[in-house]
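So the structure is just underneath, and the comments pick up after that.
Just the heavy atoms: all of them, side chains too, but no hydrogens, waters or symmetry mates, feed the values below. Convention: sequence-line order gives letters A, B, ...; per-chain numbering from 1. Bear in mind the structure is a predicted one, so any value in this text is a computation, not a measurement.
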Number of protein chains: 2
Amino acid sequence: MSATVDKRRLILDAAVRVFARQGFHTCRVSDIADEAGVAYGLVYHYFPSKETILDTLFLERWNLMLATIEDARAADLAPREKLQRIASFIVESYRHDPDVMKVIVVEVTRAANTFGRTHVERIMQAYEGIARIVEQAQATGVFRRDVDALFAAQAFYGLVEQVLTQWIFSAGEVSAEEFERIKLAIVEMICVGLDG
Amino acid sequence: MSATVDKRRLILDAAVRVFARQGFHTCRVSDIADEAGVAYGLVYHYFPSKETILDTLFLERWNLMLATIEDARAADLAPREKLQRIASFIVESYRHDPDVMKVIVVEVTRAANTFGRTHVERIMQAYEGIARIVEQAQATGVFRRDVDALFAAQAFYGLVEQVLTQWIFSAGEVSAEEFERIKLAIVEMICVGLDG
DNA sequence: TTACCGATTGACTGGTCAGTCAGATGAACC
DNA sequence: GGTTCATCTGACTGACCAGTCAATCGGTAA
């Protein structure tokens, strides 16, 4: 760790870009090294394996997410505002660094079935945190009681992830208005539904 | 194509199991051949590449899905029943062959970003079909008009996919009651929302 | 019986790439 | 100058695997 540049960080940031562009399985470790402007071997000085890099990237962001969910849950706010905070956090995460969210959604969340049993647990923690918010709202009568809380949490998270997927697919720039509009639309959709 | 066994079909079915178990990138073509009880070379007699096998599996099922969506849209039913048909089709698809749905959710959506631009288009067709159902329901006043139809379609599909993901995660058997319960819960959630 | 041809076999090849390692660099300190 | 140690370098290796291909099998028809 020098005063000039943190090479470890440099490698992580490069890896995000490469994973987002080429996909985890398709890219080579040398691509990451090149993108970071660093020698091949240095990657293995800081990380024991290619997969560890992906794990690190995922955990850095996901832990922030879990913290946000817990903060929202514990906050003195209406249930709707709590969900709003979480939706906003995820949308802002994408806005600030689309590549990280793309990698998380495409490479980790979806792939968690095939490998990394560890991550499944961490991913579930997010659902459970959101479910707890729903339960509390049901207890106070703000939300209907005849919906399973975990199911509601899945609906919420599923919608958010779908929105990100849509942005990832379209590959074009998303406008500031779109970000703000969607943030509100997500919560509105989940709370009120389609019936007119 | 003999009267005894269709080897091509045998290979496709084996591939589904292998992809679901090991993941597309992680498995070897020889794993597929072994699983099918067929010589390695025969795989390449029927398919030009490993990726083509995945494409074929995806298209077989996705085309059924697009047909179901179009049928539902054109049917003389309440909008809610139309959505119900689609949700039921996907849930039943999972019930009947979880491996196929797992591969589609996990591998194809992932691949759609990195390569296979073709698939993105086909995937979008599903959203658009659902969106058309929503639009029609908005036109007749059954659904609220202040929700973007494509966004509503995403919410619907996102929830369904999330439910599948949950079942894939849990890796245990899902009961018949659970399947029926969830089918209804999906549509209820999308139409009515959480507000009490 | 023979000739033909698609189905089937599995050994082999050529290229790829994750991870290793022996050594270079340079900063800090004596 | 010399010693030490973390940082850094990139050529190399060993394993792996998608895809090829020459050979064999077996059914059909002349």
Side-chain angles (χ1 to χ4, degrees), chain A residues 1-59 103 106-108 111 114-116 118-119, chain B residues 1-59 103 106-108 110-112 114-116 118-119:
Chain A
M1 174 145 71
S2 72
T4 51
V5 205
D6 180 354
K7 295 291 176 72
R8 196 187 116 98
R9 188 74 256 164
L10 209 59
I11 291 167
L12 280 172
D13 291 345
V16 171
R17 271 172 272 136
V18 173
F19 289 161
R21 194 193 313 132
Q22 299 174 240
F24 177 77
H25 288 283
T26 324
C27 83
R28 290 162 291 179
V29 173
S30 64
D31 293 331
I32 301 173
D34 291 352
E35 177 82 22
V38 141
Y40 186 89
L42 196 62
V43 175
Y44 285 92
H45 178 70
Y46 286 110
F47 301 95
S49 72
K50 188 185 173 188
E51 210 183 300
T52 308
I53 301 177
L54 181 61
D55 288 347
T56 306
L57 289 169
F58 166 71
L59 288 174
V103 170
V106 173
E107 302 293 345
V108 184
T114 22
F115 42 13
T118 339
H119 293 335
Chain B
M1 173 145 70
S2 71
T4 51
V5 205
D6 180 355
K7 295 290 178 74
R8 197 188 115 98
R9 188 72 255 163
L10 210 58
I11 291 167
L12 280 172
D13 292 345
V16 172
R17 273 173 269 134
V18 172
F19 289 162
R21 194 192 314 133
Q22 300 173 239
F24 176 77
H25 289 285
T26 324
C27 83
R28 291 161 290 179
V29 172
S30 64
D31 293 332
I32 299 174
D34 291 352
E35 177 82 22
V38 141
Y40 186 89
L42 195 62
V43 175
Y44 285 93
H45 177 71
Y46 286 108
F47 301 95
S49 72
K50 188 185 172 187
E51 209 184 300
T52 309
I53 301 177
L54 181 60
D55 287 348
T56 305
L57 288 169
F58 167 71
L59 287 174
V103 169
V106 174
E107 302 293 346
V108 178
R110 172 152 47 151
T114 24
F115 27 43
T118 338
H119 292 337

Rounded to the nearest angstrom, tell me the gap between atom [atom1] in [X] and atom [atom2] in [N].
X	N	atom1	atom2	answer
B:Arg28	C:dA11	CZ	P	15 Å
B:Phe47	C:dT8	CZ	C1'	15 Å
A:Arg8	D:dC8	CZ	P	13 Å
B:Ile32	D:dA18	CD1	P	8 Å
A:Phe24	C:dC17	CZ	P	13 Å
B:Asp6	C:dG6	CG	P	17 Å
B:Leu42	D:dG19	CG	C1'	14 Å
B:Gln22	D:dC16	CD	P	14 Å

Just compare [options] and give me whichever is closest to any side-chain atom of [X].
X	options	result
A:Val29	C:dA18, D:dT9, D:dT20	C:dA18
A:Tyr46	D:dC17, D:dC8, C:dG19	D:dC8
A:Tyr40	D:dT20, D:dC8, D:dG10	D:dG10
A:Ala39	C:dG19, D:dG10, D:dT20	D:dG10
A:Lys50	C:dT9, C:dG19, D:dT9	C:dG19

Q) Does a side-chain N or O from B:Lys7 land closer than 4.0 Å to OP1 or OP2 of C:dA7, or not? A) no
**Q.** side-chain N/O B:His45 vs C:dA7 OP1/OP2, d < 4.0 Å
**A.** yes
Q: Take A:Val29 and A:Tyr44, measure what side chain to side chain contact (heavy atoms under 4.5 Å, CB included) needs, and give me the verdict at the end.
A: CA-CA 9 Å; A:Val29 173; A:Tyr44 285 92; 3.5 Å; yes
**Q.** Parallel, tilted or perpendicular, as decided by the 30° and 60° cut-offs, for the rings of B:Phe24 and B:Phe19
**A.**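 Perpendicular: the ring planes of B:Phe19 and B:Phe24 meet at over 60°.
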Q | Close side-chain approach of B:Arg8 to B:Thr56, heavy-atom, < 4.5 Å | A |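 In contact.
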Q | Residue whose closest nucleotide on DNA chain D lies nearer the 5' end, B:Gly41 versus A:Gly37 | A |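 Between the two, 5'-proximity favours A:Gly37.
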(Q) Keeping B:Glu35 on the side-chain end and B:Val18 on the backbone end, is there a donor-acceptor pair under 3.5 Å? (A)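 Not confirmed, B:Glu35 side chain does not pair with B:Val18 backbone.
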Q.
Can a donor-acceptor pair be found, under 3.5 Å and without considering hydrogens, that links the side chain of A:Lys50 to the backbone of A:Cys27?
A. yes
